Asker: 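If you scroll down you'll find the structure; I have some questions about it.
Please read these numbers as outputs of a predicted model, since none were measured by experiment. Letters A, B, ... mirror the listed sequences (proteins, then strands); counts begin at 1.
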Amino acid sequence: MKNRITTLFDSKKKDILSVFYTAGFPKLEDTVSIASHLERAGADIIEIGIPFSDPVADGPTIQASNKVALDNGMTVKKLLAQVKEIRKTVKLPIILMGYLNPVMQYGVEKFVEDAAAAGVDGLILPDMPVYEFEELYKDVFRKHNMCNTFLISPTTSDDRIRRIDGMTEGFIYAVSASSTTGAKKDFSEEQVSYFQKLSALKLKNPILIGFGISDQATFSKASSYGAGAIVGSAFITRLSSSKDLSADISTFVKSLKGK
Amino acid sequence: MKYEVDHRGYYGQFGGAYIPEMLYPNVEELRNNYLNIITDESFQKAFHQLLKDYVGRPTPLFFANRLSEKYKAKIYLKREDLCHTGAHKVNNTIGQILLAQRLGKKKIIAETGAGQHGVATATVCALMGMECVVYMGQVDMERQRPNVERMRILGAKVVPATSGNMTLKDATNEAMRHWINNPSDTHYIIGSVVGPHPYPDMVARFQSVISDEMRKQLTETIGNPFPDYVFACVGGGSNAAGAFYHYLDSEHVNLVGVEAAGKGVSSGESAATTALGKPGVLHGSKTLLMQTEDGQVVEPYSISAGLDYPGIGPIHAHLFDTGRVKFVSATDDEAMNAGIELSRLEGIIPAIESAHAVAVLNQFEFDPDDVVVINLSGRGDKDLETYIRWGKY
Ligand SMILES: Cc1ncc(COP(=O)(O)O)c(C=O)c1O
């Protein structure tokens with residue numbers, strides 16, 4: 001079977017919306033229903049965070065959701081079982097994103113294999129060094145038809161961006177600012193010129209812009225420079241106050257897309 | 001040197017730089033420059049001048065007569081407690097602030113557990129006129145209050161870390177987040193041999209002045225540079241790395257790292273990483289880490305804030321793995337008793353961290369001629385409240 005991520009990017013070039021949420025949050029079993037609500041609401045990619053005790057790249061919103069998820073009893077094994085459950089109905093690409101340590105304890109090779117079997121299309125492991133992927137894991141990812149996404153940030157050099165582009169299957173995750181995760185109101189001129197630089201680099205992989213996307217304005221601005229954008233903290237904030245996940249997710253996705 | 005870091009930042013299987021991309025340029029800048037800068041003659045001159053005139057080095061190697069009688073060996077104390085600011089931590093902060101200046105950085109951040117590293121950082125920032133922000137777990141702010149006020153007097157801003165157990169690990173998380181959000185003008189002075197490469201190697205080099213002096217001082221007093229044993233407590237492992245450094249290749253010198261067992265290694269309230277940890281990744285390096293089967297970091301516990309950390313530096317994970325260093329542990333009670341004992345026998349009130357290194361002497365059978373050096377990493381002033389609460393004196 002073709003990878004759902006590459007299939008998506010082959011057919012859709014603009015306004016791709018990837019929505020991130022933390023597995024096991026707000027309630028342990030919500031991982032599954034949130035995914036199907038997102039598909040129904042019109043998201044393009046589902047990105048599920050593997051909770052970790054020490055999420056150093058995350059701001060307060062995602063930190064708090066990690067803690068709640070772990071207190072709820074979320075584990076890597078439970079998450080893989082939930083993905084299987086999601087796959088019974090959901091056709092969208094599914095990406096798991098998490099810190100390396102829980103994946104390392106599971107065993108990276110075994111994790112890639114089991115995640116692929118559960119129906120996962122891509123992984124984002126922000127603290128896995130590029131050389132480690134290249135030397136140890138590239139073949140395992142390929143064997144299981146698993147995309148691997150690296151992050152780039154405004155301080156990443158052009159040379160390094162090209163090297164990362166060369167190793168990537170799927171898409172590149174461009175962090176909008178050198179910052180931890182968190183919703184912001186608007187982009188600065190500096191950020192916009194960074195987005196412009198990225199699109200001028202004409203990379204082989206499409207780019208999704210993430211960190212700081214919170215509403216229709218930031219989503220459409222980010223999308224205009226890349227293939228689309230990733231929203232996380234703003235969605236998690238919405239989930240934490242939700243009394244009706246189905247209705248609120250539908251409203252949230254529609255408000256981002258502006259239709 | 002056999003136990004040196006390799007060109008990619010590993011000690012055997014441990015070390016490396018496991019960091020999100022947002023930190024990559026900062027860490028890369030350090031990696032590309034640290035060796036050139038710190039081996040440069042003018043840097044070395046400035047570093048050693050400050051160690052001498054400002055820190056008060058060399059610190060004495062003191063023959064502890066009554067302690068020697070009790071444990072039936074020739075016991076020397078390496079008096080890092082006499083360093084300016086009260087602990088070995090300042091050796092590293094002097095080195096790193098000189099490095100930060102040469103990298104053109106304007107602001108300094110740090111994490112701290114016991115507050116000794118925070119004080120040592122605030123001190124060198126005052127000395128150099130640089131802005132200083134120190135992250136400290138809220139729990140540690142309470143148990144090491146005098147150090148919080150010292151940092152404030154020195155002009156540093158102390159920011160409480162309120163996640164997790166609110167101790168050293170959480171303060172380190174917050175400092176890393178700060179660095180991610182302030183990538184260009186800020187240098188992060190890490191306080192131990194932890195963090196992504198090149199930090200462990202850099203900090204070990206700055207602290208290696210301890211064993212460099214030890215070998216000179218021993219040559220003067222006993223006629224050769226080699227003791228039979230060196231003992232040091234291990235939190236992240238910077239004082240131990242410094243005390244072991246120049247003896248690592250001299251395999252006849254027994255090196256002993258002492259971890260904090262808290263309420264007992266199997267009590268569930270401990271910080272004895274080599275006994276309880278497995279290889280994992282935290283704070284930028286692969287090392288031994290106390291964690292659950294699912295890879296979540298376990299909250300450590302020790303009465304001593306400076307040892308209350310779920311990992312150890314990757315160099316120590318490797319020294320443990322290879323058997324070069326023997327790791328043992330002391331409980332809260334054993335450390336407190338040893339602190340009182342050292343006070344009574346030698347007139348030296350040690351930091352509770354350092355008291356752990358004294359507390360394990362009775363686990364060893366020495367020859368009466370054995371030369372034993374205990375690295376007394378810090379003084380007990382900051383711990384008075386803990387001693388008072390302990391009360392058994
Ligand atoms: C006096 C003293 N000794 C030891 C330590 C532990 O650190 P390390 O293991 O890096 O020497 C600390 C840390 O705060 C300390 O203050």
Asker: To the nearest 0.5 Å, what is the distance between CG on L289(B) and CD on Q105(A)?
Answerer: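 With rounding to 0.5 Å, CG (L289(B)) is 7.5 Å from CD (Q105(A)).
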Asker: Quick one: are P126(A) and E21(B) in side-chain contact, heavy atoms under 4.5 Å?
Answerer: no
Asker: Under a 3.5 Å distance rule, please check whether S178(A) uses its side chain to pair with a backbone N or O of N181(B) as donor and acceptor.
Answerer: no
Asker: Measuring from atom CG of L23(B) to atom OG1 of T155(A), what distance do you get when rounded to the nearest 0.5 angstrom?
Answerer: 8.5 Å
Asker: Distance alone, cut at 3.5 Å: any donor-acceptor contact between the side chains of S163(B) and Q63(A)?
Answerer: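 Note: S163(B) and Q63(A) side chains miss the donor-acceptor criterion.
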Asker: Measure distances from F52(A) to the heavy atoms of chain B and classify the residue's part below 4.5 Å as side chain, backbone, both or neither.
Answerer: both
Asker: What part of F211(A) is in contact with chain B, defined as an atom under 4.5 angstrom from a non-hydrogen atom: side chain, backbone, both or neither?
Answerer: side chain
Asker: Tell me, for V76(A) versus chain B, whether the close heavy atoms (under 4.5 Å) come from the side chain, the backbone, both or neither.
Answerer: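 Both parts, heavy atoms under 4.5 Å.
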Asker: Can you find a side-chain donor-acceptor pair between R8(B) and Y131(A) that sits under 3.5 Å?
Answerer: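 Checked: R8(B)/Y131(A) side chains show no N/O donor-acceptor pair below 3.5 Å.
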Asker: If I take atom OG1 from residue T75(A) and atom CD from residue Q296(B), how far apart are they, to the nearest 0.5 angstrom?
Answerer: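 With rounding to 0.5 Å, OG1 (T75(A)) is 9.0 Å from CD (Q296(B)).
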Asker: First locate atom CD1 of I180(B), then atom OG1 of T180(A), and finally report the distance between them rounded to the nearest 0.5 Å.
Answerer: 6.5 Å
Asker: With a 4.5 angstrom heavy-atom cut-off, is it the side chain or the backbone of E174(B) that approaches chain A, or both, or neither?
Answerer: side chain
Asker: For the residue pair M22(B) and A57(A), what are the closest heavy atoms and their distance?
Answerer: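 Heavy atoms only, the tightest pair is CE-CB, 3.9 Å.
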Asker: What part of P51(A) lies closer than 4.5 angstrom to a heavy atom of chain B: side chain, backbone, both or neither?
Answerer: backbone
Asker: Check whether L70(A) gets within reach of chain B through its side chain, its backbone, both or neither, counting any heavy atom under 4.5 Å.
Answerer: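 Just its side chain gets close to chain B.
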Asker: To the nearest 0.5 Å, what is the distance between CG on L79(A) and CG on D294(B)?
Answerer: 10.0 Å
Asker: I'd like to know which of K286(B), E299(B), E293(B), K169(B) tops the heavy-atom pair count under 4.5 Å against chain A.
Answerer: K169(B)
Asker: Looking at N101(A) and V281(B), would you say the former's side chain and the latter's main chain have a donor-acceptor pair under 3.5 Å?
Answerer: yes
Asker: Considering only heavy atoms, which portion of L151(A) lies under 4.5 Å from any heavy atom of chain B: side chain, backbone, both, or neither?
Answerer: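 Contact with chain B: backbone and side chain both.
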